[in-house]
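Accompanying notes for the structure given below.
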Amino acid sequence: MIKTGTHNDLTDIAGVTVGQSVDETARTGVTVMVAERAMTAAVDVRGGGPGTRETDALAPGGLVGQVDAIVLAGGSVYGLAAADGVCAGLGAAGRGFALMDTPGVPRSPIVPAAILYDLANGGDKAWGETPPYRALGLQALKAASDRPVELGRAGAGFGAMAGTDPGGTGSASAMTSDGYTVGALVCVNSFGSVRIPGSDAFWAHHFEIGDEFGGVRPPPGHRFDAEDWGAAKLNPGARENTTIAIVATDAALTRDQARRLAVMAQDGLARAIRPVHTPFDGDVVFAVSTGDKALADPEMVTLARLGALCADTLTRAVARAVFASAGR
């Protein structure tokens with residue numbers, strides 16, 4: 001039977017920490033996953049309007065293939081500057097990539113990032129030439145710890161909307177009977193709805209462990225029109241909707257295997273949000289491997305198991321994000 005980790009979030013992966021920061025006036029925020037040491041990573045980008053930084057560095061055949069941190073931020077294109085703050089903080093601590101150590105030459109932290117659109121959520125965005133995201137990134141980095149992740153209106157999900165429901169930040173974890181752990185962290189700002197039309201039940205209800213997002217089930221025999229999108233946003237705009245996520249495992253993966261994990265994890269979004277990967281969304285999933293536990297033989301079967309479990313865990317994380325934001 002699948003069980004959750006101690007915190008039921010991404011910090012259940014040993015060596016992974018999470019920090020968050022918010023600007024309540026601007027109604028925006030930043031979430032940072034920090035790797036205690038450089039970790040193998042990959043990315044899968046879907047939807048018609050993504051906003052990303054350094055995802056090409058994770059492409060097959062690239063030089064590095066490892067990350068020091070991953071940034072998820074509000075603020076649309078302005079939010080990409082959060083990675084500047086994270087890079088500055090990590091670089092000052094001597095973290096980052098270098099072909100060789102050269103006195104007086106700083107290392108280059110590898111910090112991919114993805115953003116969501118929260119510019120029209122009613123917060124004060126009159127920041128002129130000084131958007132807050134670099135400072136928010138550095139603040140989130142300094143707050144990174146292995147303590148439980150704050151869910152709901154926190155970090156990059158602070159000002160998000162999931163369809164017409166409050167969006168937010170969600171996380172979940174799962175442990176297999178043979179000792180692997182996977183975790184997911186997501187910031188939900190989707191065009192589509194996370195709830196079944198005509199019901200308060202989440203699309204993710206089949207995957208719920210315990211009552212982690214309320215235990216609500218659709219009424220017996222409940223049906224709906226396939227053209228009914230329920231609480232999806234009525235007037236979507238380009239680049240205004242995005243679900244950005246990180247999945248992680250303690251299994252030792254190559255960059256190609258991590259990419260497969262990210263690809264499979266995208267199915268978790270499809271199970272939790274309807275519709276998803278639309279022209280209006282910029283959905284991005286990063287995958288990270290700490291490399292602590294070798295893949296059991298046959299390796300590809302084990303990878304398939306972990307990919308499926310990452311998808312299920314991401315599904316749960318989406319519902320936990322919106323459940324924790326309800327009424328806030």
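Numbers here are sequence positions counted from 1. Just so it is clear, the structure is predicted and the values come from calculations on it, not from any experiment.
- Of the possible polar contacts, none joining the T52 side chain to the T55 backbone as a donor-acceptor pair under 3.5 Å is found.
- For A308 against M264, the heavy-atom pair with the smallest separation is N-CE, 3.5 Å.
- Of the inter-residue distances, the one linking C310 atom SG with L261 atom CG reads 4.0 Å to the nearest 0.5 angstrom.
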### Task
Check the pair V247, T313 against side-chain contact (heavy atoms from CB on, under 4.5 Å), reporting the backbone distance first and the verdict last.
CA-CA 9 Å; V247 296; T313 306; over 6 Å; no
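- When every heavy atom of I115 is checked against every heavy atom of G79, the shortest pair comes out as CG2-C, 3.6 Å.
- Of all heavy-atom pairs between A156 and G74, the closest is CB-N, 4.0 Å.
- Put simply, the side chain of T169 gets close to the backbone of G157: a donor and an acceptor are under 3.5 Å apart.
- Under the ring-ring contact (aromatic ring centres under 6.0 Å, His included) criterion, no residue pair touches residues 32-73, with sequence neighbours excluded.
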### Task
Could you give me the CA-CA distance, side-chain angles and deciding distance for R46 and D281, then say whether salt bridge (charged side-chain N to carboxylate O under 4.0 Å, His left out) is met?
CA-CA 8 Å; R46 310 238 176 143; D281 290 296; over 6 Å; no
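- The closest side-chain donor-acceptor pair between Q266 and D283, if any, does not fall under 3.5 angstrom.
- When every heavy atom of L295 is checked against every heavy atom of A251, the shortest pair comes out as CD2-CB, 3.9 Å.
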Would you tabulate the side-chain donor-acceptor contacts of residues 296-303 under 3.5 Å, counting partners in other chains and residues two or more places apart, or write 'none'?
unit_1, atom_1, unit_2, atom_2, d
T302, OG1, A296, O, 2.7
T302, OG1, P298, O, 3.4

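- In this structure, N121 contributes its side chain and D118 its backbone to a donor-acceptor pair below 3.5 Å.
- The environment of OH in Y78 is sparse: at most 12 heavy-atom neighbours from other residues, nucleotides or ligands sit within 6.0 Å.
- The shortest heavy-atom contact between A83 and V71 is CA-CG2, 4.1 Å.
- For CZ of R271, the number of neighbouring non-hydrogen atoms (other residues, nucleotides, ligands) closer than 6.0 Å is greater than 12.
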Tabulate below the donor-acceptor pairs under 3.5 Å that side-chain atoms of residues 128-138 make, not counting sequence neighbours, or state none.
unit_1, atom_1, unit_2, atom_2, d
T130, OG1, W127, O, 3.2
Y133, OH, T28, OG1, 2.8
Y133, OH, G75, N, 3.4

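- Counting heavy atoms from C-beta outward, V284 and V43 have side chains that approach closer than 4.5 Å.
- Taking Ile, Leu, Val, Met, Phe, Trp and Tyr as members and joining any whose side-chain heavy atoms lie under 4.5 Å apart, directly or through other members, the hydrophobic cluster of F158 also contains V22.
- The side-chain heavy atoms of L253 and R260, taken from C-beta on, include no pair separated by under 4.5 Å.
- Between the side chain of R274 and the backbone N or O of R195, no donor-acceptor pair lies under 3.5 Å.
- Between L269 and L314, some side-chain heavy-atom pair lies under the 4.5 Å cut-off.
- Within the 4.5 Å cutoff, no side-chain heavy atoms of S325 are placed close to those of V322.
- Here M175 contributes atom CE and K3 contributes atom NZ; the two are 8.5 Å apart, rounded to the nearest 0.5 Å.
- Formation of a donor-acceptor pair under 3.5 Å by the N189 side chain with backbone atoms of Y117 is found in this model.
- Going from atom OG of S173 over to atom CG of L10 covers 9.0 Å, rounded to the nearest 0.5 Å.
- By the 4.5 Å heavy-atom criterion applied to side chains, V186 and T243 are counted as neighbours.
- In this view, F213 and F202 satisfy the ring pair (Phe, Tyr, Trp, His ring centres under 6.0 Å) rule, not counting sequence neighbours.
- The SG atom of C87 sits 13.5 Å away from the CZ atom of R107 when rounded to the nearest 0.5 Å.
- Put simply, the side chain of V194 reaches to within 4.5 Å of the side chain of V318, judged on heavy atoms.
- By the side chain to side chain donor-acceptor pair (under 3.5 Å) test, D84 pairs with R53, sequence neighbours left out.
- Between T290 and D250, the closest heavy-atom pair is OG1-CA, 3.1 Å.
- For the pair L72 and V30, the minimum side-chain heavy-atom distance is 4.5 Å or more.
- Judged purely by atom type and a 3.5 angstrom limit, N8 has no side-chain atom pairing as donor or acceptor with the backbone of T4.
- Counting only distance, with no hydrogens or angles, the side chain of D146 and the backbone of T11 share no donor-acceptor pair below 3.5 Å.
- The stretch residues 16-27 participates, sequence neighbours left out, in these side-chain hydrogen bond (donor to acceptor under 3.5 Å, both in side chains) pairs: Q20-T31.
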### Task
Check the pair V34 / V16 against side-chain contact (heavy atoms from CB on, under 4.5 Å), numbers first and verdict last.
CA-CA 6 Å; V34 182; V16 169; over 6 Å; no
Side-chain donor-acceptor pairs under 3.5 Å in residues 56-63, sequence neighbours left out?
none

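- A side-chain hydrogen bond (donor to acceptor under 3.5 Å, both in side chains) check over residues 59-69, counting only residues at least two apart or in different chains, returns the pairs D68-R95.
- Side-chain N/O atoms of D9 and S171 include no donor and acceptor closer than 3.5 Å.
- Using modelled atom types and a 3.5 Å distance limit, the side chains of T315 and D312 yield no donor-acceptor pair.
- Summarising the geometry, atom CD1 belonging to I2 is positioned 7.0 Å from atom OG belonging to S177; distances are rounded to the nearest 0.5 Å.
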### Message
Before you tell me yes or no, could you show the steps for V18 and V32 under side-chain contact (heavy atoms from CB on, under 4.5 Å), namely the whole-Å CA-CA distance, both residues' side-chain angles and the distance that decides it to 0.1 Å?
### Response
CA-CA 6 Å; V18 173; V32 178; over 6 Å; no
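- A donor-acceptor pair under 3.5 Å is absent between the side-chain atoms of K125 and the main chain of A120, judged by distance alone.
- Between L90 and V111 there is a side-chain heavy-atom pair separated by less than 4.5 Å.
- Residues satisfying the salt bridge (Lys or Arg N to Asp or Glu O under 4.0 Å) test with D200, not counting sequence neighbours, are none.
- The distance from atom CG of L116 to atom SG of C187, rounded to the nearest 0.5 Å, is 6.5 Å.
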### Message
Is there a side-chain contact (heavy atoms from CB on, under 4.5 Å) between W203 and I196? Walk through the geometry before answering.
### Response
CA-CA 6 Å; W203 286 108; I196 298 172; 3.7 Å; yes
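- Remark: P106 pairs with no residue by the side-chain contact (heavy atoms from CB on, under 4.5 Å) rule, at least two apart or across chains.
- Within the structure, no pair that satisfies the ring-ring contact (aromatic ring centres under 6.0 Å, His included) test touches residues 286-320, not counting sequence neighbours.
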### Task
Check the pair R316 / E212 against salt bridge (charged side-chain N to carboxylate O under 4.0 Å, His left out), numbers first and verdict last.
CA-CA 8 Å; R316 294 165 44 222; E212 62 185 342; 2.6 Å; yes
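- For the pair T242 (side chain) and I244 (backbone), a donor-acceptor distance under 3.5 Å is absent.
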